[in-house]
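Beneath this line is the structure, given in structure tokens, with notes to follow.
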Amino acid sequence: MKTSTAQLISLAYFLFLTSTFYSQSTTIDSLEINLQNHKEKDTTRVNLLNALAFSYFSKDLPKTLEYLEEADAVAEVIHFKKGKARSIYIRGITEAIQANFEQALRFYNEALQLYESIDFKKGIANCYNAMGITYRNKGELTKSVSYFKKAIKIEEEIGSNNLSASLLNLGTSYEELGDYGEAISYLNKAFSIAKADENDQRVAYSLNNLGNVYQSMGNYPLALEHYKESLYINEKLGDSLGIANHLANIGRIYKTQKHYDKAMNYYEKSLEMDKRIDNKTGITSLLNDIGIIHEENGDYQSALDHYVDALLISKQIGSKSVIPHILNNMGEVYLALKDYSTANQYLSEAKKISIEIGNKKVLCEAYIGLARTNANQKDYKSALSNALQAKEISEKSGFLNCQKDASEILSKIYKATGNYKDALESQEQFKILNDSLFNKENVEKITQLEYEYKYKQALDSANIRELQLTKTVTATNKDLEKSKRNSLWAIIGVLIISMLSGSIIFYQKFNNIKTKNENIVMEQKLLRSQMTPHFIFNSLSVLQGMILNKEYKKSVSYLSKFSKLLRITLENSRDKTVLLSEEIAALENYLALQNLENETYLYTVKVADIIDTTSIKIPPMLIQPFIENAVEHAFTSSKGDKKIEVGLEFNDKKLICTIIDNGIGIDSQEDPKNKDKKSLATTITSERLEILSRDLKMKGSVTVDDRKKYNEQGTVVTLVIPFKTVA
């Protein structure tokens, strides 16, 4: 009974836990240039050093450690806790990739404490994710699931872009637990998010892990298809760790199908890459799998050589989840060589470690190996004890293969000791289980053949279509050659003239329709950004509160202002331009509504004396979204006076509007939802100004600045508004 150890790929998921300050598209070259240009020892340099260390960890480990040393030293001097925590966290990754699991966990816990002290939730989630991966690689799957779920809860709460990474990790743990339904569900969620985000690395690992699940389910063609697609993406990205893992997985598919030459070819390529990046976990797994191929081919010495190397490395890195697999395989080889004493030694050690880590499947296999060894030594008492232990565990856990093997060895033991009744019962049980497993294997083979047939059928269909298309093109070319040259040129001339005429007419109509559509879409966006459901429902809620409190006069005033604002908004949204006086009235009405309940804000709307508001028309609803942003997001504290100033003036023949608040400033607003809303208002206004600038033949623009650059507090929005005068 040869046991295979799947390569523990989760370490590669650390590639997904991107730097807080740099996007995944940031290149190493640009980071290094920025580092060279930024000599000052401050938070920016720490962030650059950490980003470079993170970028290099799967490519050049010594370089990663070099950057981390400097990052940690600078962060310590300037008391930058966030940067120091990030350095410690990445250092944990470097230990984990070398399978130094306890050391990695120590670093993650240290980073976690620092992140918790500053309440940085993204960092906390990253630590939970990393700890989950480490526990998974140690073989403690239940613990890993709990940590991944903690990470997912935080990431969903903060809207983190690392959510797909956590879903990938959780799906992988469920796959190892044998819960394929949950595994596929979480992996498909991760794949969908990664594809929507255009994150090629996560797309690759989603495909790879789905391949693992399909392989476990016996659907080898679909698994192989996923592996190859994933490998193609990782080769484009230059991800050495991912490439090595995918090559190994493809090799395992061929090994399962007993295509040993193909399997060995992929194993050797993967092993070479793992050795280059010092991925000891991958090296151990591959050495064990190569040993299995040699054993199945009857080359026991080569098998033992690979098992011994795998065992040595796994003991060095303390990977207890892998060690009992290798020990069982070594025991099986010595059993085949009839060296029963050595076989007993390795199988007993496998049993001991399996009990320690709670791996019942490997423990059951160790008991069966010991029972066979004892029976060959004619120690039937020990053989019976071990076989019964295997039978009990396999029946409780539902391991059909182990039940079958236990029944077979029990039958032989009972027969050798003269207990023919129990021998017969065990033999009958063996036949029942063997038939059951035979049927199960047949179902898996039929499923596999069905998928192979459908896959081949799809390829054949595509080839047929391609052949038909080629024939059609060839026939058309021959017909064209037979046509008279003069007739052909005449037809071509007529067609060109017709196409040119049609293109000109179509282009003019298309431009007109496009302009109209752009205006309609912009007006819809504008209306949605102006009268948000939040504002409407909040206004109605305030009105309801006034009525319930019997503040009838106040509620009538509020309702009057609200209905007037709603009417102005709806009317103005249909017009391309409105009088400046009407737009100002709408703004004052909106600010009055916001202040009516508790007079929270001090606001002013100032218009330069030179401006005649009744003789100028401007595009409606350009200003209000930015005032709403100031009301909703600029003031996080109730302390102090809250001021909003709106000013309109002429400068260099341009109508300029400024919206100034004394809030926390746009650079200090860390809530992603707030930033998205500000970005939405700015984006919609910029798009609209671009269209209006063409229509009104006057340049328009919008800029948003933090006032700290002027040594003041708050945000300033500057709008250059296209306008026209009333004739």
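Comment: Glu157 does not engage Lys150 in a salt bridge, judged by the lack of any side-chain N to carboxylate O separation of less than 4.0 angstrom. With salt bridges taken as basic N to acidic carboxylate O contacts below 4.0 Å, none links Asp197 and Lys195.
Between the side chain of Ser270 and the main chain of Ala244, a donor-acceptor pair closer than 3.5 Å is present. Listed for the Thr64 side chain is a donor-acceptor partner under 3.5 Å among the backbone atoms of Ala53. The backbone N or O of Gly92 lies less than 3.5 Å from a partner atom in the side chain of Tyr108, making a donor-acceptor pair. At distances below 3.5 Å, at least one donor-acceptor pair connects side-chain atoms of Asn297 with backbone N or O atoms of Ile293. A donor-acceptor pair under 3.5 Å links the side-chain atoms of Asn188 to the main chain of Ile184, judged by distance alone. Proximity of a side-chain donor or acceptor of Asn199 to a complementary backbone N or O of Arg202 within less than 3.5 Å is detected. With Asn109 contributing its side chain and Leu105 its backbone, the two residues share a donor-acceptor pair below 3.5 Å. One N or O on the side chain of Asn328 and one on the backbone of Val362 form a donor-acceptor pair closer than 3.5 Å. Judged by distance alone, the side chain of Ser354 and the main-chain N or O of Ala350 form a donor-acceptor pair under 3.5 Å. In this structure, Ser302 contributes its side chain and Asp299 its backbone to no donor-acceptor pair below 3.5 Å.
Of the candidates Thr172, Asn162, Ile193, Ile193 is the only one forming a side chain to side chain contact (heavy atoms under 4.5 Å, CB included) with Leu167. Residue Leu311 forms a side chain to side chain contact (heavy atoms under 4.5 Å, CB included) with just one option from Gln316, His306, Met330, and that option is Met330. Applying side chain to side chain contact (heavy atoms under 4.5 Å, CB included) to Tyr307 and the options Ile290, Leu327, Ile292 leaves one that passes, Ile292.
In this structure, Glu332 and Arg372 have side chains that are in contact, with non-hydrogen atoms separated by less than 4.5 Å. Annotation: side chain of Gln103 is not in contact with side chain of Arg91 (no heavy-atom distance under 4.5 Å). The shortest distance between side-chain heavy atoms of Phe54 and Arg86 falls below 4.5 Å. Residues Leu304 and Leu337 have side chains in contact (heavy-atom distance under 4.5 Å, counting atoms from C-beta outward). Using a 4.5 Å heavy-atom cutoff, the side chains of Leu222 and Glu225 are in contact. Looking at Asn386 and Ile409, their side chains never come closer than 4.5 Å, going by heavy atoms from C-beta outward.
The minimum heavy-atom distance linking Cys402 with Glu365 is given by the pair SG-CG, 4.1 Å. For the residue pair Tyr300 and Val333, the shortest heavy atom distance occurs at CB-CG1, 3.9 Å. Between Ala406 and Ile368, the shortest heavy-atom contact is N-CD1, 4.1 Å. Residue Leu335 comes nearest to Ala343 through the heavy atom pair N-CB, 3.7 Å, listed as atom of the first residue, atom of the second, then distance. Across all non-hydrogen atoms, the minimal contact from Phe148 to Ser173 is CE1-OG, 3.3 Å. The nearest pair of heavy atoms linking Lys351 to Tyr367 is CD-CE2, 3.4 Å.
Checking Thr284 against Ser314 by side-chain atom types alone, no donor-acceptor pair falls below 3.5 Å. Donor-acceptor pairing under 3.5 Å is lacking for the side chains of Ser394 and Gln403.
Leu363 CG to Ile353 CD1: the interatomic distance, rounded to the nearest 0.5 Å, is 12.0 Å. To the nearest 0.5 Å, atoms CG (Leu207) and NE2 (His226) are separated by 5.5 Å. Atoms CD and CG, on Glu272 and Leu286 in that order, are 12.0 Å from each other to the nearest 0.5 Å. Separation of atoms CD1 (Ile152) and CG (Leu170) is listed at 4.5 Å; rounding is to 0.5 Å. Note that CG of Leu141 and OG of Ser146 are 11.0 Å apart. Values are rounded to the nearest 0.5 Å. To the nearest 0.5 Å, atom CG of residue Asn129 and atom CG of residue Leu168 are 9.5 Å apart.
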Query raised in the report: Could you walk me through whether Lys404 and Ile432 pass the side chain to side chain contact (heavy atoms under 4.5 Å, CB included) check?
Result: CA-CA 8 Å; Lys404 182 198 75 170; Ile432 292 168; over 6 Å; no

Query - Stepwise salt bridge (charged side-chain N to carboxylate O under 4.0 Å, His left out) test for Glu156 and Lys149 - result: CA-CA 10 Å; Glu156 286 178 337; Lys149 286 186 174 179; over 6 Å; no

Report task. Test side chain to side chain contact (heavy atoms under 4.5 Å, CB included) on Ile154 and Ser160 and set out the steps. Result -> CA-CA 8 Å; Ile154 295 173; Ser160 170; over 6 Å; no

Report task. Apply salt bridge (charged side-chain N to carboxylate O under 4.0 Å, His left out) to the pair Asp278 and Lys280, showing each step before the final yes or no. Result -> CA-CA 6 Å; Asp278 198 26; Lys280 290 187 174 66; 3.1 Å; yes

Query - side chain to side chain contact (heavy atoms under 4.5 Å, CB included) assessment of Val322 paired with Ser285 - result: CA-CA 8 Å; Val322 178; Ser285 178; 6.0 Å; no

Report task. Applying side chain to side chain contact (heavy atoms under 4.5 Å, CB included), run through Leu187 and Ser206 and close with a yes or a no. Result -> CA-CA 6 Å; Leu187 292 173; Ser206 300; 5.8 Å; no

Query - Tyr147 vs Tyr135, ring-ring contact (aromatic ring centres under 6.0 Å, His included): CA-CA, chis, key distance, verdict - result: CA-CA 9 Å; Tyr147 277 105; Tyr135 279 117; 5.5 Å; yes

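Taking Tyr334 as the reference, Tyr346 meet the ring-ring contact (aromatic ring centres under 6.0 Å, His included) condition, with sequence neighbours excluded.
Arg106 forms no cation-pi arrangement with Phe101, by the criterion of a distance under 6.0 Å to the ring centre and an angle within 45° of the ring axis.
Between Tyr174 and Tyr186, the gap from one ring centroid to the other is short of 6.0 Å.
Ring-plane geometry between His259 and Tyr254 is classed as tilted, the angle between the planes lying from 30 to 60 degrees on a 0 to 90 degree scale.
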